[in-house]
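Order of the sequence lines sets the chain letters (A, B, ...), proteins ahead of strands, with each chain counted from 1.
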Amino acid sequence: MSNAQLEIQLIASLVAVACAIPGTFLVLRKMAMISDAISHSILPGLVVGFFITQDLNSPLLILLAALTGVITVILVERIQKTGLVKEDTAIGLVFPAMFSIGVIMIAKNANDIHLDVDAVLLGELAFAPFDRLTIGGTDIGPKSLWVIGIILLATVALLIAFFKELKVSTFDPGLSASLGFSPVVIHYGLMTMSSITTVGAFDAVGAILVVALMIAPAACAYLLTTDLKKMLGLAIFFGVFGAISGYWVAHWLDASIAGSIATMLGVVFFLVYLFAPSKGLIAVMYREKRQRIEVSLLTFLLHLKNHSEEEERHVNHLNEHINWQKVKSKTVLDLALKNNMILINNKIVSLTKKGDEFTSQAIDYIITNEDTQIEDMKKHFFLFRG
Amino acid sequence: MKSMDNIKNTNSKDETTASISANEAGAVVMAVKVDDLTVAYNYKPVLWDIDLEIPEGVLMAIVGPNGAGKSTLIKAILGILKPIAGSVSIYGKPYHKQRSHVAYVPQKGSVDWDFPTVALDVVMMGTYGSLGWIKRPGVKEKKAALEALEKVGMLPFKNRQISQLSGGQQQRIFLARALVQDASIYFMDEPFQGVDATTEIAIINILKELRKAGKTVVVVHHDLQTVPEYFDWVTFLNVKKIATGPVKDIFNDDNLTKTYGINYKVSVQK
């Protein structure tokens, strides 16, 4: 691995971490689309900043562009507040307008300005190592590595300092306000940090990938954990994994690095979506199937409890009485037998003591909705896990 | 805590009747004072010129039809909504100076219960106010949160993910979060919404205990039948304030009709 390769992966990884942190909160606040709006609408800010500073990595340019991002958020909220359109429509109105202003500005000044629309959308990660930062003649690494490194440090510092405020205002803005942590201040703080991160990452990875890096890792993490700190950790892990694996996919296919990273993030999300232990598609399908069988089992046991007459409890009669197909009847019978809930004597089914108790408890739960007594049943039956 | 115990002692002499704490001169202390409060959404007033005084130590229901502005009143008192006119004081001072004395239980439906956190953590949020910005909760806060969970009977569920709790359990978690704030005044927005009968009884017992300890409890309430049984003070609200006072004096068909419109009757059996 050459130095340049290492540097590209390092930049991509730092960008991934810097994006995953605000991204986690955007996902939890149901504001994923805001990151899309910010990443596109900072373009005019970038162009104006570039006119003034002539340097894509100047701090002034980053602040100017980030300001455009915050203005976008304010515009979206203003339009939404009129009550005439919903939030998604407001977002759809604002960012294409801002973005196209930027596009026109670039087109009109194409000869004087070192910025093109392709680079804006997809970034120039492959060229990042060529733009070096030198101090007193010594090369201290690629400029974008320093830019994103400093932004990342600031993000981590703010996250550590304001973790509890971010958490409470995201979960319960009303409580947060009543405790004196203004949700408005925290909201705009998060928006400002997201904008700055977007601008810092933009130069390296472009407008589309910034969104992918903010949302996909957080969405994966959301499916895997029920702990905010772990969610942040997992989002960072998925982001870095996407960045490095994406880089090597690009290397192997000789394709765009930014595009490959976004693709890898998509693949990772799809896998998590399928295989996540409790929220994943397969787990949900399995659970629903189990719940269906368990409901049937309960129906069957209840039938046995309610009917003492032998005719109602004959194996062959059960099909017609409960009106099930043969296969289903067999599954339910087997399940009941396996759990020692029924006995079959001369083809007459009867409840065991255990089966009888279980049925009473389950019915009691369904009628009263009292949860305490079914706590131990939750371990064995999906039905009671809510 | 010391001052709280004093209040408890003075009140314990006469616990059966609605006990409103009074100072030695006999004047009633006002926990909350609302003056000429008007709140509007998009220039349409939802609360109009409300004057309201809540005496210290009452357990008060706010009742009124849907859209009467009950939640809005609480939110405006707590500074969550900005009124277009009027003022609010808590023990004689503006709310933002009295935050530590006030606890708030929002409507259960106002938060996302899929948020990645566990019951204990939600209760800990109640301690954030006394911590202030940046400082993190430590051992002391955790202990307080565990005690509050114990009080609402939710200790066995402390590490349960909040979406895995039933509606009643979620409401108890919210109540524990308010208890942990150790406030003087509690505002609760429909704490009985969507809870089972057992939880409702558990919650009202805790509210009555709070009142016995000299706290002031203000509850947005929907079920008119239970007002005389649960509360000692009531406010009728429908955009304007219709009436406020002790339940035994003002909870009658006349005020109910004024609040709910045409000939509303609840036959309240004693």
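- Dense packing is recorded around OH of B:Tyr91, with more than 12 heavy atoms of other residues, nucleotides or ligands lying under 6.0 Å away.
- Only the side chain of B:Val122 comes within contact range of chain A, with at least one heavy atom under 4.5 Å from a heavy atom of that chain.
- Applying the 6.0 Å contact sphere to CZ of A:Phe163 captures more than 12 heavy atoms from other residues, nucleotides or ligands.
- Counting heavy atoms from C-beta on, the side chains of A:Leu179 and B:Ser130 never come closer than 4.5 Å.
- Contact between A:Ser182 and B:Trp133 at its shortest, heavy atoms only, is N-CZ2, 4.2 Å.
- Here A:Leu175 contributes atom CG and B:Tyr104 contributes atom OH; the two are 8.5 Å apart, rounded to the nearest 0.5 Å.
- One finds the OG atom of A:Ser169 at 9.5 Å from the CE atom of B:Met125 (value rounded to the nearest 0.5 Å).
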Query raised in the report: Can you list the steps and then say if A:Phe171 with B:Ile162 is a side chain to side chain contact (heavy atoms under 4.5 Å, CB included)?
Result: CA-CA 11 Å; A:Phe171 173 62; B:Ile162 53 174; 3.6 Å; yes
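- In this structure, A:Lys279 places its NZ atom where more than 12 heavy-atom neighbours from other residues, nucleotides or ligands lie under 6.0 Å away.
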Requested in this report: Let me see the working for A:Lys167 and B:Tyr128 under side chain to side chain contact (heavy atoms under 4.5 Å, CB included), right down to the final yes or no.
Outcome: CA-CA 11 Å; A:Lys167 181 165 70 178; B:Tyr128 289 4; 3.1 Å; yes
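- With rounding to the nearest 0.5 Å, the separation of OG in A:Ser176 from CD1 in B:Ile80 is 9.5 Å.
- Listed for the A:Lys164 side chain is a donor-acceptor partner under 3.5 Å among the backbone atoms of B:Gly132.
- No part of B:Leu165 comes within reach of chain A, as not one of its non-hydrogen atoms sits under 4.5 angstrom from that chain.
- With chain B as the partner, the residue from A:Ala161, A:Pro173, A:Gly83 showing the most heavy-atom pairs under 4.5 Å is A:Ala161.
- Heavy atoms of A:Phe162 lying under 4.5 Å from chain B belong exclusively to its side chain.
- Looking at B:Asp114, the atoms closer than 4.5 Å to chain A (heavy atoms on both sides) sit in the backbone and in the side chain alike.
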What side-chain donor-acceptor pairs closer than 3.5 Å can you find for residues 219-232 of chain A, not counting sequence neighbours?
unit_1	atom_1	unit_2	atom_2	d
A:Thr225	OG1	A:Asp227	N	3.1
A:Asp227	OD1	A:Lys229	N	2.8
A:Asp227	OD1	A:Lys230	N	3.3

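- The part of B:Tyr95 that comes within reach of chain A is its side chain, from C-beta onward, which places non-hydrogen atoms under 4.5 angstrom from that chain.
- The salt bridge (charged side-chain N to carboxylate O under 4.0 Å, His left out) pairs that include a residue from residues 171-188 of chain A are A:Asp172-B:Arg177, where partners are two or more places apart or lie in different chains.
- From A:Ile160, atom CD1 reaches atom CD1 of B:Ile134 across 12.0 Å, with rounding to the nearest 0.5 Å.
- For A:Thr82, no part lies near chain B; criterion is any non-hydrogen pair under 4.5 Å.
- Contacts of B:Phe174 with chain A are made by side-chain atoms alone, with heavy-atom separations under 4.5 Å and no backbone atom involved.
- Within 6.0 Å of CH2 in B:Trp48 there are 12 or fewer heavy atoms belonging to other residues, nucleotides or ligands.
- Counting heavy-atom neighbours within 6.0 Å of A:Phe270 CZ, excluding the residue itself, gives a total of 12 or less.
- Heavy-atom distances place no part of B:Gln107 under 4.5 Å from chain A, backbone and side chain included.
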